[in-house]
Protein chains: 2
Amino acid sequence: MQIVVVDDHPIFRDGLSQILRSLFVDAEIMYAGDYGQLQSAIKDNPQPDLITLDLVIPGFDWRTDMLKLRRSLTLTPIAIVSMVQNDEAITCAMDVGINGFVSKGVQPDLLADSILQIMEGETLVRRAGDILSSNDESNLLAKLTARQIDVLRLICKGMSNKEIARELDLSPFTVRIHVSALFKSLGVSSRTSAVAIATASGFS
Amino acid sequence: MQIVVVDDHPIFRDGLSQILRSLFVDAEIMYAGDYGQLQSAIKDNPQPDLITLDLVIPGFDWRTDMLKLRRSLTLTPIAIVSMVQNDEAITCAMDVGINGFVSKGVQPDLLADSILQIMEGETLVRRAGDILSSNDESNLLAKLTARQIDVLRLICKGMSNKEIARELDLSPFTVRIHVSALFKSLGVSSRTSAVAIATASGFS
DNA sequence: AGGCAATTAGGACGGATGTGCTACTTGACT
DNA sequence: AGTCAAGTAGCACATCCGTCCTAATTGCCT
């Protein structure tokens, strides 16, 4: 199973990946941050099982390129997941045969549900309702245990596992346990990505 | 090209206009000194190419009106250029999808650079305090070559060497060369430390 | 009492990372 | 012409990192 996530916002990209991974454990998730990367990804994988598409990525003009994309991938469900709620863009998307539109503002479980429906052939448009305060950082950090937060803080200072072990008076093996669990919660697989997410979320 | 400058301080307003004119020679720059004028300006120009927004203008409550503004202009880059560095305001801005925050205290060329990045889809927060502390480290960052800065920016996004190689269309070997040289200049020996220094210095 | 999450510790393994070499090209400056 | 900095590309090696295992302890909840 192959999924292509198209988004130039790394934080949201990671969040969306986490959701998708929870839905499809065995999925191979590829990323594209701009139109060029999207085209490369499609070239390498001519028939992915799902594409989630942000409308505002570098080099992509939805007025023209959304149609091209739909034409080149007639069998693949394309779900637009975007902050843009411009009606013109939505109607344009529906006109060219995009399978669904989901606003980035919706709750994660609702987004997951929408993705599933779209993949089962539904055509739906789900705008962000009145719910808007969904605080990303608290959602992310709320999932972390106390020790994981300790470790994350030291990771953000640039410390290695060994240094963290000395600082917290732990075995390096234990540090690795926390790091690994931490990454799983954040949906990343490298300490650098974790720092990127944490700092962007205002983690202190 | 249309730009709306929202600020109630005429002197700063003029200075910002000058910077914007140097960036976009053909831009039509409009001013709004309070919330009412902002609404009028948007009514007259429903899709400007950029809005620079001061958080403290008469009649504007950022806790509620920032979201309305974002919702009414989903396609327009909105850059907050403000004296206030209230963390609550900044996180609120980021939560509602404001594209960037730049303190009025930063250097003009840095402000210009930030505006450009925001208009290219980046979301960045540049506090003045970051710049003050970066006077020391701007020496560090000044020592970096253009390619090294490219690499550092992608490292800060959490990318691996392989991903960076794909992004910049380089060999992974070359990326490692830049990474290594970069670390030597910054005086670190891990990408995580590099991110820690870069973000603490307000590097975008 | 039993279950469960968190924390601690370790082993094994594959892959990523960082450094130290060599080597070529290009453009700018002398 | 010569030099030098920057960028490109590759190889080798040691180390670190991240994941997948097992296993023990603690405390909390049912």
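Please read all numbers here as calculations on a predicted model, not as lab measurements. Chain letters run A, B, ... following the sequence lines, proteins first, then strands; residues in each count from 1.
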Looking only at side-chain N and O atoms, does Ser171(B) come under 4.0 Å of OP1 or OP2 in dG10(D)?
-> yes

Tell me: CG of Leu152(B) to P of dT17(C), nearest whole Å?
-> 15 Å

What nucleic acid atoms does Ile177(A) come within less than 4.0 Å of, heavy atoms only: base, sugar-phosphate, or nothing?
-> base

Residue closer to the 5' end of DNA chain D, Met159(A) versus Lys184(A) (nearest nucleotide) = Met159(A)

When we call it a touch if two heavy atoms are under 4.0 Å apart, what does Thr174(B) touch: a base, just sugar-phosphate, or nothing?
-> base

So, does Asn99(B) use its side chain to make a donor-acceptor pair with the main chain of Ile118(B) at under 3.5 Å?
-> no

Check every atom of dT19(C), dT19(D), dC17(D) against the side chain of Asn161(A) and return the nucleotide holding the closest atom.
-> dC17(D)

Partners meeting side-chain hydrogen bond (donor to acceptor under 3.5 Å, both in side chains) with Asn45(B) (sequence neighbours left out) = Gln2(B)

Taken to the nearest whole Å, CZ/Phe183(A) to P/dC20(D) is 13 Å

Phe173(A) CZ to dC13(C) C1', in whole Å, measures 13 Å

5'-most contact on DNA chain D (nearest-nucleotide basis), Arg191(A) vs Leu168(B), goes to Leu168(B)

Determine, step by step, whether Asp54(B) and Val81(B) satisfy the side-chain contact (heavy atoms from CB on, under 4.5 Å) criterion, reporting the C-alpha distance in whole Å, the side-chain angles of both residues, the deciding distance to 0.1 Å, and the verdict.
-> CA-CA 5 Å; Asp54(B) 188 356; Val81(B) 182; over 6 Å; no

Would one find a side-chain N or O of Thr145(B) under 4.0 angstrom from OP1 or OP2 of dA6(D)?
-> no

Are any of the side-chain heavy atoms of Thr174(B) and His178(B) separated by less than 4.5 Å?
-> yes

Pairwise side-chain contact, Leu50(B) with Leu20(B), heavy-atom cut-off 4.5 Å (strictly under) | yes

Report yes if at least one side-chain N or O of His178(A) is closer than 4.0 Å to OP1 or OP2 of dA6(C); otherwise report no.
-> no

Sugar-phosphate, base or nothing in reach of Ser180(A), heavy atoms under 4.0 Å = base

Spacing between Ile164(A) atom CD1 and dC17(D) atom P, to the nearest angstrom | 8 Å

Side chain of Lys162(B) (C-beta onward), nearest among dA16(C), dG18(D), dG7(D) = dA16(C)

Taken to the nearest whole Å, CD1/Ile155(A) to P/dG18(D) is 7 Å

Measure the angle between the two terminal helix axes of the helix from dA1(C)-dT30(D) to dT30(C)-dA1(D), five base pairs each, and quote it to 10°.
-> 40°

Set of residues satisfying side-chain hydrogen bond (donor to acceptor under 3.5 Å, both in side chains) with respect to Glu167(B), sequence neighbours excluded | Gln37(A)

Distance check: side-chain N/O of Arg176(A) vs OP1/OP2 of dT19(D), anything under 4.0 Å?
-> no

Taking the side chain as every heavy atom from C-beta outward, state whether Arg70(B) and Ile78(B) have any pair of such atoms under 4.5 Å apart.
-> yes

Checking all strands, does Ala181(B) fall into the base, sugar-phosphate, or nothing category for heavy-atom contacts under 4.0 angstrom?
-> nothing

Test side chain to side chain contact (heavy atoms under 4.5 Å, CB included) applied to Pro48(B) and Leu73(B), Ile42(B), Ile29(B), the passing residue = Leu73(B)

Take the protein atom CD of Gln148(A) and the nucleotide atom P of dA5(C), then report the distance between them rounded to whole Å.
-> 13 Å

